[in-house]
Amino acid sequence: MGIIVKPLVTEKMTAITEKYNRFGFIVRPSANKLEIKKEVEALYNVTVVDVNTMRYSGKNKSRYTRSGIINGRTNAYKKAIVTLKEGDTIDFYSNI
C-alpha cells in the first residue's frame, strides 16, 4: 500500500465534498487511477465510482530577507479527486 500520502482538508475541498460527495487526496506521483481506487476502498470501506487525477509541478519561489534573497522551490505532487457512491462518506476526524 502506501499510495495515499495524505487527505486534502481545505475549505475548497470541504465545499466540494458537501456538494458532490467527492474527496481529495495527495498521492504518490507514480500511482494510477486503479491503484488509487483500490487503496481508498481498502482503507475507508467505501465504494469508489470515479477517480480524477491532476499533476502539479513545483514552483520557484524567492523572498527578500535581511540577509538577502532566499531562493527555493515548492514540491511537485499529484492530487486525486475521488467520487464515492451515493450514501458513502469518509470521516477524516474519526481517529482524533
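Just so we're clear, the structure is a prediction, and the values are computed from it rather than from any experiment. Scope of the values below: all heavy atoms of this structure, side chains included, with no hydrogens, waters or symmetry mates.
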Distance-only polar pair, side chains of Y56 and K78, donor-acceptor under 3.5 Å: no
Shared hydrophobic cluster, V51 / L43 (ILVMFWY, side-chain heavy atoms < 4.5 Å): yes
E18 side chain vs A15 backbone, donor-acceptor pair below 3.5 Å: no
Within one Ile-Leu-Val-Met-Phe-Trp-Tyr cluster: I3 and V82, side-chain cutoff 4.5 Å: yes
Heavy-atom side-chain proximity of F92 to T17 below 4.5 angstrom: no
OG1 on T47 to CD on E41, rounded to 0.5 Å: 6.0 Å
Rounded distance [0.5 Å steps], CD1 in I81 versus CZ in F25: 9.5 Å
Separation of I36 CD1 from K38 NZ (nearest 0.5 Å): 12.5 Å
Check against side chain to side chain contact (heavy atoms under 4.5 Å, CB included), K79 and V27: CA-CA 6 Å; K79 180 167 77 172; V27 296; over 6 Å; no
Minimum side-chain heavy-atom gap L84-V48 below 4.5 Å: yes
Close side-chain approach of S57 to R55, heavy-atom, < 4.5 Å: no
R63 and I69, any side-chain heavy atoms less than 4.5 Å apart: no
T89 vs V46 side-chain heavy atoms within contact, under 4.5 Å: no
T74 (side chain) donor-acceptor with G58 (main chain) under 3.5 angstrom: no
Heavy-atom side-chain proximity of Y93 to V9 below 4.5 angstrom: yes
Euclidean distance, Y64 OH relative to I70 CD1, rounded to 0.5 Å: 12.0 Å
Side-chain heavy-atom pair T53, K33 within 4.5 angstrom cut-off: yes
N/O donor-acceptor pair under 3.5 Å between N60 side chain and N71 backbone: no
OG1-CZ distance between T83 and R22, expressed to the nearest 0.5 angstrom: 4.0 Å
Joint hydrophobic cluster, M54 plus L8, side-chain heavy atoms closer than 4.5 Å: yes
Approximate separation, where rounding is to 0.5 Å, of Y77 OH and R28 CZ: 15.5 Å
